[in-house]
Each structure stands twice: as C-alpha cells, then as structure tokens.
Amino acid sequence: MANKIEEIGMTESEFEYQYQESTKRSAENLKQLPKAANAQYDKKSMRMVVEMQNGVTLLVPVSLIQGLQSEEDNELNDFDLVMKGSQIHWHKLDVQFYIEDLLKGVFGTPNWMKSIPEHLAEIGRKGGSRTSEVKANSSRENGRKGGRPSRKVA
C-alpha cells in the first residue's frame, strides 16, 4: 500500500489523516440523510411502501422508478435497506436509490425523469377508469340531477 500512496505523492501519515477526515465527513453526512425504518413491495398496487423512521409512509409506483420495470415479483421483492436505511438496493435488478431522492420525487436520471409525465398520465387514466359500487351510484345520482354540477365562478 505504501507504494500506491507514494505514487500519488502523499506520505502514509497524510493519507491516514485524509482517510480519517473523509470517514468523519461520511458519518456526518449519513446522519443528515432521511432514513427508512421498513420497506415492502405491494404486489396488488404495484408500489413500494416505504415507512420512514419519523412515521411518514411513502408510496411510490414501481413504474416510476428507473430500473424497476420488471414484471417479476421475485425481482421487485429482492431488496434491502442499506446504509442505515438511507438507501434501498434491489439485488437482482442492480438498482439502488437514496431514500431522500424518492422523497424528493427523483426517480431516475434526468432523461428518465423527462418520461415521467407520460407514466403519470397513464396511472391517472387507469385510476380514473376504476369502478366501484359507490362510484356507480354517485354517477347515477348525478345523472338524475342533470349531470355533474357546473363550477360556480366567483
């Protein structure tokens, strides 16, 4: 190792000092990051459910997260929280994200993020097409009253 250190023009004591300082900065940065206490993949809703240490629960459709477009549940379920809960890593898909980025709505690279509105629109269309007895009754009731009420303009 001494030869490698000398190759970069540093003494062993300088290297040791810089290494210790870097380790301290890394530990301080890790303390500042939001952390998840638990996470799971919900197959029914096709979302990651991330429970934060502060009690907040984050729900993210896997279709929005770059690299998680797998239809294999075993791949989507094969993940761990790493770095004390500050990151999530999917082993079989070789995908890793900071929890902080997911909280900020950053689901991939800038190019990937440009495609997100299209995905959101698709999710919205699917969500709007869901039917339930409550929704059907509401639509019938509105129909009897002449349709959806118009918005009042102030």
Side-chain angles (χ1 to χ4, degrees), residues 1 4-5 8 10 14-142 148-149 151-154:
M1 175 107 140
K4 295 282 185 187
I5 294 171
I8 59 172
M10 192 181 293
E14 287 175 314
F15 175 81
E16 186 61 31
Y17 173 78
Q18 288 192 21
Y19 175 78
Q20 294 300 326
E21 289 298 309
S22 174
T23 302
K24 286 179 196 174
R25 284 191 308 272
S26 178
E28 286 301 315
N29 288 339
L30 186 59
K31 285 180 188 177
Q32 303 302 316
L33 292 172
K35 294 173 188 68
N38 188 22
Q40 64 183 19
Y41 169 63
D42 179 24
K43 178 181 176 179
K44 185 176 179 183
S45 67
M46 297 179 67
R47 294 188 285 193
M48 288 303 301
V49 180
V50 181
E51 297 173 30
M52 303 300 295
Q53 289 180 356
N54 66 3
V56 170
T57 300
L58 174 66
L59 304 172
V60 183
V62 294
S63 63
L64 297 182
I65 302 173
Q66 185 175 5
L68 298 189
Q69 286 60 52
S70 173
E71 294 182 15
E72 301 294 326
D73 292 332
N74 65 333
E75 292 179 339
L76 294 169
N77 275 314
D78 184 27
F79 65 87
D80 283 312
L81 293 173
V82 295
M83 300 297 292
K84 298 184 178 183
S86 66
Q87 298 177 36
I88 186 167
H89 176 77
W90 287 266
H91 302 284
K92 293 178 182 172
L93 298 171
D94 195 25
V95 172
Q96 187 159 324
F97 277 88
Y98 279 99
I99 298 298
E100 180 177 41
D101 286 344
L102 297 177
L103 286 168
K104 290 179 179 177
V106 177
F107 305 121
T109 63
N111 282 340
W112 172 261
M113 293 297 292
K114 289 178 187 175
S115 69
I116 293 289
E118 187 176 312
H119 288 95
L120 289 174
E122 182 178 334
I123 290 167
R125 283 192 298 275
K126 286 181 181 177
S129 69
R130 301 268 175 174
T131 58
S132 68
E133 190 59 35
V134 171
K135 190 173 181 180
N137 289 338
S138 177
S139 292
R140 280 192 287 276
E141 188 65 30
N142 281 338
R148 181 177 290 188
R151 290 186 179 169
K152 294 181 181 177
V153 179

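In what follows, residues are counted from 1 in the order of the sequence shown. For the numbers below, each heavy atom of this structure counts, side chains included, while hydrogens, waters and symmetry mates do not.
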K.L.:
Minimum heavy-atom separation for Leu33 and Tyr98, please, with both atom names.
P.N.:
CD1-CE2, 3.9 Å
K.L.:
Just how far is it from atom CD1 of Ile65 to atom CD1 of Ile88, taken to the nearest 0.5 Å?
P.N.:
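Interatomic distance, Ile65 CD1 to Ile88 CD1, rounded to 0.5 Å: 7.5 Å.
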K.L.:
Can you name the nearest heavy-atom pair linking Glu51 to Thr57, along with the distance?
P.N.:
CG-OG1, 4.0 Å
K.L.:
Calculate, to the nearest 0.5 Å, the distance between atoms CG and CG belonging to Asp42 and Asn77 respectively.
P.N.:
10.0 Å
K.L.:
Please find the pair of heavy atoms, one from Gly67 and one from Val95, that lie closest to each other, and give the distance.
P.N.:
O-CG2, 3.7 Å
K.L.:
Kindly compute the distance separating CE (Met46) from CG (Leu76), expressed to the nearest 0.5 Å.
P.N.:
7.5 Å
K.L.:
Please say whether more than 12 non-hydrogen atoms of neighbouring residues, nucleotides or ligands are located less than 6.0 Å from OH in Tyr41.
P.N.:
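Yes, the 6.0 Å shell around OH holds more than 12 heavy atoms from other groups.
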K.L.:
Under the 3.5 angstrom rule, does the side chain of Lys35 hit a backbone N or O of Met83 as a donor-acceptor pair?
P.N.:
no
K.L.:
Side chains of Val50 and Gln40: closer than 4.5 Å at any heavy-atom pair?
P.N.:
no
K.L.:
Rounded to the nearest 0.5 Å, what separates atom CG in Leu93 from atom CD in Glu72?
P.N.:
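Leu93 atom CG to Glu72 atom CD measures 9.5 Å (nearest 0.5 Å).
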K.L.:
Tell me, with the steps shown, if Leu102 and Met48 meet side chain to side chain contact (heavy atoms under 4.5 Å, CB included).
P.N.:
CA-CA 10 Å; Leu102 297 177; Met48 288 303 301; over 6 Å; no
K.L.:
Please report the interatomic distance CG(Leu103) to CD(Glu100), rounded to the nearest 0.5 Å.
P.N.:
7.5 Å
K.L.:
Look at the rings of Trp90 and Phe79 and say which category their plane angle falls in: under 30° parallel, 30 to 60° tilted, over 60° perpendicular.
P.N.:
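It falls in the tilted class, 30° to 60°.
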K.L.:
Please give me the minimum heavy-atom distance between Gln53 and Lys84, naming the atom from each residue.
P.N.:
NE2-O, 3.9 Å
K.L.:
For Gln20, look at atom CD and say whether over 12 heavy atoms of other residues, nucleotides or ligands are found less than 6.0 Å away.
P.N.:
yes
K.L.:
For a side chain to side chain contact (heavy atoms under 4.5 Å, CB included) check, start with the C-alpha distance between Phe107 and Met113, then their side-chain angles and the critical distance, and finish with the verdict.
P.N.:
CA-CA 7 Å; Phe107 305 121; Met113 293 297 292; 4.0 Å; yes
K.L.:
Hydrogens and angles aside, do Glu28 and Gln32 bring a side-chain donor and acceptor to less than 3.5 Å of each other?
P.N.:
no
K.L.:
Given Asp80, which of Gln87, Gln96, His91 fulfils the side chain to side chain donor-acceptor pair (under 3.5 Å) condition?
P.N.:
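Only match with Asp80 under side chain to side chain donor-acceptor pair (under 3.5 Å): His91.
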K.L.:
Give the minimum heavy-atom separation between Gln69 and Val62, together with the two atoms involved.
P.N.:
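Distance-wise, the nearest heavy atoms are NE2-O, 3.4 Å.
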K.L.:
Are the side chains of Met52 and Ile99 in touch, meaning some heavy atoms are under 4.5 Å apart?
P.N.:
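The answer is yes; the side chains approach within 4.5 Å.
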K.L.:
Working to the nearest 0.5 angstrom, can you tell me the gap between Arg47 CZ and Leu58 CG?
P.N.:
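Arg47 atom CZ to Leu58 atom CG measures 10.0 Å (nearest 0.5 Å).
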K.L.:
When the ring planes of Tyr19 and Phe15 are compared, do they come out parallel, tilted or perpendicular, using 30° and 60° as the limits?
P.N.:
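Answer is parallel, since the angle falls under 30°.
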